[in-house]
Amino acid sequence: MRNGPHTMSIDKTYDPAATEARLYSKWEDSGAFACDPTSKVDPYCIMIPPPNVTGSLHMGHGLTFTIQDTLIRFARMRGRDTLWQPGTDHAGIATQMVVERELAKEGLDRRTMGREKFLEKVWQWKAESGGTITKQLRRLGASLDWPRERFTLDPALNRAVNKVFVQLYNEKLIYKDKRLVNWDPKMLSAISDLEVESKEIKGNLWYFHYPIDGSDEMITVATTRPETMLGDTAVAVHPENGKLKHLIGKMVRLPLTDRLIPVVGDEYADPEKGTGAVKITPAHDFNDFEVGKRHNLEMINIFDKHAILNENTPEKYRGMERFEARKQIIADMESLGLLEKIEPHVHAVPHGDRSGVPIEPWLSEQWYCDAKTLAAPALKAVEEGHTKFVPEQWTNTYYAWMRNIEPWCISRQLWWGHQIPAWYGPDGQVFVAHDEEEANAMAQKAYGKATPLTRDEDVLDTWFSSALWPFSTLGWPEQTPELERYYPTDVLVTGFDIIFFWVARMMMMGLHFMGDVPFRTVYMHALVRDAKGQKMSKTKGNVMDPLDIIGAYGCDALRFTLCTLSTPGRDIKLAPARIESSRNFATKLWNAARYCQMNECVWQADFNPASVKQTINKWIIGETVDAVNKVASQLDAYRFDLSSHSVYEFVWNVFCDWYLEFTKPILSGTDEAAKAETRATTAWVLGQMLKMMHPFMPYITEELWEHVVGDGTMLITTRWPSYDTGLATKEAQNEMNWVVRVITAIRGVRAELNVPASAKIETLVKGASDQTQKRLATHGALIERLARLSAIGETATTPANVAQTIIDETTFILPLEGVIDIAQEKERLAKECAKWAEEIKKVEAKLANPSFVDRAPEDVVEEHKERLENARAMVAKLGEAQKSLAA
RNA sequence: GGGCGCAUAGCUCAGUUGGUUAGAGCGCAUGUAUCACACACAUGAGGUCCGGGGUUCGAGUCCCUGUGCGCCCACCA
């Protein structure tokens, strides 16, 4: 009879843990995850957003990787040659901070260790903890092509980074500049604008008097940062400010210092703000820097890299930390009688997103990338539709940022990262080269002799190497078959929080170096929040660990839940109840499969769905085809919520609730031909369900595939169903819908009249058409079983005191005399009658409106007419039924 | 200051180019140990589609406006 593994009976309960461990290895070992660069079929590629190498899986990962895996599995089943490129990111600042913290526990400090020793430690740390995230990805069922795993600091990727750097430098798109940067005094590094987070701070506005030189007059300025006054080199007033413009050109004696500074006229000074006069500290404020440039002002840097006051400040303040200096200066100004007042003031203060400390605009020499130039083609590519955002509204966010893009500060004063490929000669001459050898050769040429060079100490912003990810992982700058085949990739799946950090920069670099966009579509998913909609955070204690959830409910339950909640434009509120219901869904499928096995519904490889004769089988095959197509088109539209819902509805509400119940009378009956056909159909439908569920719930479906099909194939690599839509017939659908309506109606009457579920009662039909007669002959046994009837008879007249329900032209009579409460039944009928009467009123009003009849499309009008007719018939029949009760 | 999103059942959310009686899950109520499944089955209750105005024969859906909530960017006088 049966052969292969499917002869093993399906256990009474599904054991996710055992299944997940076994099947993941089976898939991975079989090579199912691997792409085939030599293949002739269409490629499909997704680049993983590389998680931090030392990180561990959180719910945001859970979501993004579930979506990616769902897409990859779906594409794979549709016969595409899929590459889901795995890898991890070195995450410069984040990782360096983690390792520094670890070292601090041992009483070690990177500065005393030195660069080389420290980097050794970081690599060691990476070796120890770097596997965590990839192991966890496997637990999610992620079907990544593991042998192709890359790390952003791999030597090959370093070569790509250097090549890009050198070329952009030669094209003058990377340059060194001395200007204000966002300086993080804790990290002791410059950071980019994007790494700065504004935080609302309740501070003060201090009003200081500055004496005008050679007069008794004072000019008053307001500041939130008193300590910077030591670096003031001017006071600005608006050139048209009537009250203050007479001071332009005068000199001010800057208190606490001996310096004389000018009053300048500049439009930056807003007469409405503060006192109308503003102190100018060009070395410590971005706006003041611009004012300083316009007026050729001196720039006095008063901080060292720790934001401690330096030798450019009066001796008294030297060595003070910035906030300590602030207090002292306020006190000193007050004792000089130069503090006018203090006003409470709420303002935004920039903080380093990693260090959490206020950043300091600080004058230093850094490497910059000319993002404006690179952004132009990246903007155009989206405008022309070469890359599309889903949901579309993110396009605007992308545009807005790209159009106002500023130079990108790419150098970091860290050790962990790609060291900048620039070398300096003794005189400071710069040699930007692919490697030291090339730099030496350049120096030899420049100096006419071998000259020792020192390498730039800085490393590149992590996002610099991430920006190259879509092509560096494929082997660029080598012209590999992979690069040729998988670039541009199909879709990038990511959160909107890194649209600027990463998406925009991949676009810029991809277009510049590959001449094409890195991905055709960008799918932006939401943020995962807790059940109450709060952001998950350790401090709030509301973090849900995906691995805990997997342990408790199974991986498939978590994945399915995340998909169902993935509605575009809405954050995901992850409630345990939802995960539970997904787990229940998996159990439902499991039990349905058990039913099939118990009833010997055996998969037949040569089953032809067009050959079935039984209406229930024709019907379910049509429903299956519809469901498969619906799921596919919803997945194509990235509607994971709708597609998972469609799957759920079909499996539970169509297959389990109705079809399996329909099979029962046949499978326990005596018509062997019908039985055989139904068994084969059931197995076939179950197989199709496993296929359509597989992208969402890979484990349980693969496990059941072994039992149901058992021919040694793996579901992961089977083909997604594609059928002739002609398999769905309107007749079968109408007929089975009618059966469902009859059963539901009778059940409803029974329940409302409190007929015990165990009581089998008779029903009589009155006024049945030929079609209904025929249908009753076919499906009578089925209706009897599901509506718990003892028999279905016929009558020409309505007996007294019975319950009735009307389906189309037919009245179904439940002779419950003595059982039912007449008054209650009357009320039930009256209620239903009222509902239809309401409908009549509404539709009549519409049809009586001449402009509706004139202007609405004909079919809509026709439909309304039918509705009216139907409603009138219902009212008439219900009226009759009521009369029969009164008799 | 600039921009974006959301508001539908007690809760979480669907609702396609405007067109039957606005749907689902959870929760709730009632009943059921029925031979796949109590993580289940059956039946039911539950809605001012945020307020106001407009377009239209017809608006949950389109436009304007108001309110509430959330997010992004800019902003250290």
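Letters go in sequence order (proteins before strands), and every chain restarts at 1.
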**Study point:** Listed partners of F289(A) passing ring-ring contact (aromatic ring centres under 6.0 Å, His included), at least two apart
**Key:** none

Practice item. Apply side chain to side chain donor-acceptor pair (under 3.5 Å) to K341(A) and list each qualifying residue two or more places apart in sequence or on a separate chain. Key: E343(A)

Exercise for review: Can you tell me, in whole Å, how much space there is between the P of A24(B) and that of G46(B)?
Suggested key: 14 Å

Study note, to complete from the structure: Given protein heavy atoms under 4.0 Å, the one-letter contact record of nucleotides 30-38 of chain B, with B base, S sugar-phosphate only and - none, is simply ----B-BB-

**Study point:** Gap in Å between the two P atoms, one belonging to G68(B) and one to C26(B), rounded
**Key:** 36 Å

Practice item. For the pair H284(A) and F303(A), name the ring-plane relationship: parallel under 30°, tilted 30 to 60°, perpendicular over 60°. Key: perpendicular

Check your understanding: Could you state the CE-P distance from M524(A) to C4(B), rounded to the nearest angstrom?
Key -> 17 Å

Review point. Pairs counted as Watson-Crick or G-U wobble with both distances under 3.5 Å: what dot-bracket string results for RNA chain B, using | for bases tied to another strand?
Key: (((((((..((((.....[...)))).(((((.......))))).....(((((..]....))))))))))))....

**Study point:** side chain to side chain donor-acceptor pair (under 3.5 Å) partners for D657(A), two or more places apart
**Key:** N653(A)

Check your understanding: With sugar-phosphate meaning primed atoms plus P, OP1 and OP2, does N849(A) contact a base, only sugar-phosphate, or nothing at under 4.0 Å between heavy atoms?
Key -> sugar-phosphate

Check your understanding: Got a sec, which pairs hit ring pair (Phe, Tyr, Trp, His ring centres under 6.0 Å) with one end in residues 837-869 of chain A, sequence neighbours left out?
Key -> F852(A)-H864(A)

Review point. Among all residues two or more places apart in sequence or in another chain, which pass the side chain to side chain donor-acceptor pair (under 3.5 Å) test with S758(A)?
Key: none

Practice item. Please list, chain by chain and in numerical order, all residues satisfying side chain to side chain donor-acceptor pair (under 3.5 Å) with R785(A), sequence neighbours excluded. Key: none

Review point. Between W183(A) and I359(A), is there a donor-acceptor pair closer than 3.5 Å when you use the side chain of the first and the backbone of the second?
Key: no

Check your understanding: Under 3.5 Å, is there a donor-acceptor pair between the K630(A) and S643(A) side chains?
Key -> no

Review point. When every nucleotide of nucleotides 72-77 of chain B is labelled 5' to 3' by its protein contacts under 4.0 Å (heavy atoms), B for base, S for sugar-phosphate only, - for none, what sequence of letters results?
Key: -S-BBB

Practice item. Look at all strands and tell whether W394(A) reaches a base, only sugar-phosphate, or nothing, counting heavy atoms closer than 4.0 Å. Key: nothing

Review point. For the residue pair W394(A) and F496(A), does the interplanar ring angle fall in the parallel (under 30°), tilted (30 to 60°) or perpendicular (over 60°) class?
Key: parallel

Nucleotide N/O to protein N/O under 3.5 Å, stretch nucleotides 10-13 of chain B:
unit_1, atom_1, unit_2, atom_2, d
U12(B), O2, R578(A), NH1, 3.3
C13(B), OP1, K573(A), NZ, 3.1
C13(B), O3', R570(A), NE, 3.1

Review point. At under 4.0 Å between heavy atoms, what does L527(A) touch on the DNA or RNA strands: base, sugar-phosphate, or nothing?
Key: nothing

Practice item. Fit a plane to each ring of W658(A) and F662(A), take the angle between them on a 0 to 90° scale, and name the class: parallel (under 30°), tilted (30 to 60°) or perpendicular (over 60°). Key: tilted

For residues 573-588 of chain A, which side-chain N or O atoms pair as donor and acceptor with protein atoms under 3.5 Å away, sequence neighbours left out?
unit_1, atom_1, unit_2, atom_2, d
S582(A), OG, T561(A), OG1, 2.7
S582(A), OG, R578(A), O, 3.3
T587(A), OG1, R583(A), O, 3.0

Revision key, fill the gap. Side-chain atoms of P857(A) come closest, of C4(B), G25(B), G19(B), to G19(B)

Study note, to complete from the structure: The ring-ring contact (aromatic ring centres under 6.0 Å, His included) partners of F655(A) (sequence neighbours excluded) come to Y659(A)

